[in-house]
Amino acid sequence: MNRWQKLSAACGLLTLLGSIVLSVLFGVSINNALGFTLGAVLLILGFSFRFMPRWLKLLTRLGIAGTALFFLAMLGLMRQVGTQDTVTFDEEVVIVLGSGIRGTQIPRML
């Protein structure tokens with residue numbers, strides 16, 4: 001196995017283990033299922049890459065590169081949106097998440 005196959009297999013194994021741990025700790029969700037699927041695909045690609053035809057290797061590399069570019073673009077978008085300061089400090093209400101307001105009655109914790 002060359003270093004890219006080892007890297008793919010290691011990333012797949014870590015992703016698989018991480019999704020299993022998250023599923024055990026927090027319950028199964030669609031995110032954990034997708035992480036499990038991605039880990040399994042990476043693990044399989046790591047071990048079967050040398051048996052693939054040349055065109056499938058190229059397609060796989062393009063898919064991995066496209067996924068990495070999409071991931072980096074999403075990180076950049078989240079960074080850009082997350083650093084915009086839209087607070088004007090003249091808001092009339094405050095929303096307290098989890099306070100449990102029922103109609104017009106204010107709970108004791110507020």
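It should be emphasised that the depicted structure is a prediction, and the values quoted were computed from it without experimental measurement.
One finds the OG atom of Ser48 at 8.5 Å from the CG atom of Leu56 (value rounded to the nearest 0.5 Å). Arg54 contributes atom CZ, which lies 14.0 Å from atom CG of Leu59 (distance to the nearest 0.5 angstrom). Remark: Leu75 CG to Phe70 CZ distance equals 10.5 Å, nearest 0.5 Å. From Ile30, atom CD1 reaches atom OG1 of Thr37 across 8.0 Å, with rounding to the nearest 0.5 Å.
Its side chain within the 4.5 Å cluster rule, Leu38 clusters with Leu42 among the Ile, Leu, Val, Met, Phe, Trp and Tyr residues.
Here the side chain of Asn32 pairs a donor or acceptor atom with the backbone of Gly27 at under 3.5 angstrom.
Contact record, Lys57 with Met52: CE-O, 3.4 Å, taken as the closest heavy-atom pair. The two residues Ser19 and Leu16 have their closest heavy-atom pair at OG-O, 2.9 Å.
By the criterion of side-chain heavy atoms lying less than 4.5 angstrom apart, applied directly or through intervening Ile, Leu, Val, Met, Phe, Trp or Tyr residues, Phe26 is not grouped with Ile20; the two fall into different hydrophobic clusters. Val81 and Met78 are not part of a single hydrophobic cluster, where members link through side-chain heavy atoms under 4.5 Å apart.
Evaluation of the side chain to side chain contact (heavy atoms under 4.5 Å, CB included) rule for Leu13 yields Leu17, Leu43 as partners, not counting sequence neighbours. Every side chain to side chain contact (heavy atoms under 4.5 Å, CB included) that Leu25 has, sequence neighbours left out, goes to Val21.
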